[in-house]
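Worksheet: one structure, shown below.
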Amino acid sequence: MTADTAPPASPLASPDLELAKQTSALTVQETLSEEGTDADPKPGQLPPHRNHDPQYNMKRTDPFMFGSRYLEDGDNPFEFNAWDHVETDDAYKEYSEQQYAMQRASPVSDFEKNRFNSDPAKFWNMFYKNNTSNFFKNRKWLQQEFPVLHTVTAEDAGPKILLEVGAGAGNTAFPILAHNKNPKLRLHACDFSKKAVEVMRSHEEYNTDHMQADVWDVASEELPPGVDENSVDVVLMVFIFSALAPSQWERAVKNIHRVLKPGGEVCFRDYGRGDLAQVRFKKGRYLDENFYIRGDGTRVYFFEKDELERLWSGDFPAETSINEVKDGTSESATPDIPQQPPAAKTGSQLFDIEDLGVDRRMLVNRAKKIKMYRCWMQGRFRKK
C-alpha cells in the first residue's frame with residue numbers, strides 16, 4: 001500500500017498522479033567522492049556536485065545526507081533539475097498557508113468521509129486494479145538509503161527475516177531479492193490490498209523459497225501470516241504509515257514492535273508536512289489536519305518530525321481528532337479550525353530513534369521555470 005510518485009498508468013488521475021507527471025522527468029544528480037566529501041575540482045573546473053557532466057552523477061555514501069547540491073546566493077535555481085536541503089521561500093510559505101485555509105474551509109462532506117473511512121481497502125484494491133505492477137518504478141535506491149538491507153542480504157548473513165509493510169506491487173521486494181546473496185533470507189511482503197498481493201504472487205520473479213506475499217492490515221489485532229512475535233530482523237515501511245488514520249497509529253506501531261526481535265530495525269520513509277503533494281490539494285479533499293483523500297479515494301497524511309519521534313518512542317496521543325467507531329467509520333472534529341494535538345500519554349519507550357531526517361528538495365521544471373518543493377521524512381528506529 002504505497003503512494004510515492006511515479007509516471008501514471010491510468011487516466012484516473014489524482015493529485016499525486018498529476019504531480020508525478022510534472023516530476024517524472026526530473027532527476028537528482030547527487031555527487032560525492034568515495035570518502036563522502038565533495039571531490040576536489042581541477043583548476044578551471046566546476047566542483048563535481050555542480051557539474052553537468054554525467055561522469056559525476058555518483059551516489060552518496062551517507063544515506064541521511066540527502067544529496068549535496070546546495071542552492072547559494074547568486075545561483076540560478078533553474079541551472080539544475082534539483083537542489084538539496086532547500087528551505088521553502090516566503091512566497092511558497094504564504095501560498096501554502098492560503099491553501100491550508102482553503103482546504104479547511106471546504107472539507108470532505110460527512111457522507112464522503114464515512115464512505116472513504118468505512119472501507120479504505122476498497123479504494124486500494126481499485127487503485128491496483130486500475131494500475132499495473134509497473135505503475136511505480138522499482139525502488140533500487142533503498143539499499144543506498146538503508147545499509148542494513150546490505151547486511152541482511154549478504155552471503156554470510158545467516159537466517160534473516162525481512163518484513164515489508166505496504167509492499168504494493170512488489171517494487172521494493174523484487175529488487176531486494178534480485179540482489180540477495182543470502183540463501184537463508186526470508187522476505188514477507190504484506191499489503192492491505194488483496195489486489196496488490198495478487199499482483200505480487202503473479203509476478204514472474206515470485207519465488208516462495210524466499211518470499212511470501214500476504215494480505216495484512218498493520219493496524220489489525222492479528223500478526224502477519226507466518227510471522228511470529230520477536231522473529232523479524234528488519235521491517236520496511238515506505239510510504240505506508242501515511243495511509244493510516246491517526247487513530248490507527250498506536251496499534252500499527254505496537255504491531256511492528258511485537259514482530260521485531262529485540263534490537264530489530266525499522267526502515268521508514270514517508271511524506272512530510274508542506275510537501276507539494278499536500279499544498280496542491282483542492283477543495284473537498286480535507287479530512288482532518290494534515291490528512292486528505294486523493295482523487296482515487298486513498299488516504300494520505302503528512303507528518304511533522306517531532307510527531308514521528310513521539311509516536312515511535314511510544315508516546316501516543318490520549319485521543320485523536322478522528323475517533324474510530326465499531327463499524328470502521330470515523331467521525332471528525334470540526335474541520336474549519338485546526339485541532340491542537342492532545343496531551344501525550346507516556347508509556348515504556350518502544351523504539352530508539354537512531355536517525356530521523358527531513359529530506360527537503362526543490363525540483364525545477366527548467367523549461368517552464370516552475371519550482372516544486374518536496375518534503376519527506378526518513379528514519380531508522382530500533383526496538384528496545
Side-chain angles (χ1 to χ4, degrees), residues 2-4 62-67 84-88 93 96 100 142 145-149 163-166 218-219 232-275 277-278 288-292 299-322 338-361 373-384:
T2 56
D4 45 337
D62 180 352
F64 280 80
M65 189 169 183
F66 303 131
D84 302 296
H85 311 285
V86 178
E87 292 290 338
T88 56
K93 291 176 182 176
S96 298
Y100 299 151
L142 276 179
E145 300 297 324
F146 300 111
V148 69
L149 297 179
L163 169 63
E164 184 187 5
V165 183
V218 68
V232 175
D233 295 280
V234 179
V235 172
L236 271 175
M237 300 185 73
V238 180
F239 296 104
I240 182 294
F241 208 57
S242 55
L244 303 176
S247 56
Q248 297 176 298
W249 294 341
E250 180 175 355
R251 171 54 56 193
V253 171
K254 287 183 175 179
N255 277 340
I256 299 304
H257 189 266
R258 286 177 64 193
V259 300
L260 275 171
K261 295 176 179 177
E265 186 171 328
V266 178
C267 300
F268 181 96
R269 186 170 174 88
D270 223 314
Y271 295 106
R273 191 177 193 277
D275 183 69
Q278 175 183 17
D288 213 309
E289 194 66 5
N290 298 325
F291 195 38
Y292 300 83
R299 306 179 300 186
V300 60
Y301 189 93
F302 297 84
F303 292 97
E304 300 272 13
K305 181 180 177 181
D306 58 354
E307 186 175 41
L308 289 172
E309 288 175 342
R310 291 194 303 269
L311 288 170
W312 286 94
S313 294
D315 286 353
F316 304 106
E319 57 180 331
T320 62
S321 57
I322 291 185
Q339 302 297 307
Q340 295 298 317
K345 60 182 182 182
T346 305
S348 59
Q349 185 170 347
L350 300 179
F351 292 90
D352 286 325
I353 310 300
E354 297 215 330
D355 281 299
L356 184 56
V358 182
D359 185 358
R360 297 185 185 276
R361 300 185 188 181
Y373 292 97
R374 303 309 310 270
C375 180
W376 299 285
M377 300 290 166
Q378 184 166 307
R380 294 190 296 112
F381 317 132
R382 190 171 300 280
K383 178 177 175 176
K384 291 182 71 68

Item checked: With E304 via side chain to side chain contact (heavy atoms under 4.5 Å, CB included) - residues at least two apart ->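 In terms of side chain to side chain contact (heavy atoms under 4.5 Å, CB included), with neighbours along the sequence ignored, E304 is linked to R273, D306, E307.
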
Item checked: side chain to side chain contact (heavy atoms under 4.5 Å, CB included) involving D233 - partner list, sequence neighbours excluded ->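 Per chain and number, D233 pairs via side chain to side chain contact (heavy atoms under 4.5 Å, CB included) with K160, I161, K261.
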
Next item on the list: Mind checking the CG-CG spacing from D270 to D359? Nearest 0.5 Å is all I need.
Entry: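 The CG atom of D359 is 12.5 Å from CG of D270, to the nearest 0.5 Å.
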
Margin query: Assess the residue pair L350 and F381 against the criterion (side chain to side chain contact (heavy atoms under 4.5 Å, CB included)); give the C-alpha distance rounded to whole Å, side-chain angles, the decisive distance to 0.1 Å, and a yes or no.
Written below: CA-CA 9 Å; L350 300 179; F381 317 132; over 6 Å; no

Notebook entry, point to check: Pick one: which of Y271, W312, W249 meets ring-ring contact (aromatic ring centres under 6.0 Å, His included) with F303?
Noted result: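 Going through Y271, W312, W249 one by one, the ring-ring contact (aromatic ring centres under 6.0 Å, His included) with F303 is satisfied by W249 alone.
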
Notebook entry, point to check: So which heavy atom on K383 is nearest to which on R258, and how close?
Noted result: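 Minimum heavy-atom separation between K383 and R258: NZ-O, 4.2 Å.
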
May I ask you to test the [X]-[Y] pair for a side-chain heavy-atom distance under 4.5 Å?
| X | Y | result |
| --- | --- | --- |
| Q278 | Y100 | yes |
| C267 | V148 | yes |
| F316 | L311 | yes |

Note to self: If the condition is salt bridge (Lys or Arg N to Asp or Glu O under 4.0 Å), which residues does E354 pass it with, not counting sequence neighbours?
What the structure shows: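 E354 satisfies salt bridge (Lys or Arg N to Asp or Glu O under 4.0 Å) with R380, R382 only.
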
Item checked: Criterion side chain to side chain contact (heavy atoms under 4.5 Å, CB included) on V253 and F241, from CA distance to verdict -> CA-CA 9 Å; V253 171; F241 208 57; 3.8 Å; yes

Notebook entry, point to check: Using 30° and 60° as the class limits, which term best fits the ring planes of F291 and Y301: parallel, tilted or perpendicular?
Noted result: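 Tilted: the ring planes of F291 and Y301 meet at 30° to 60°.
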
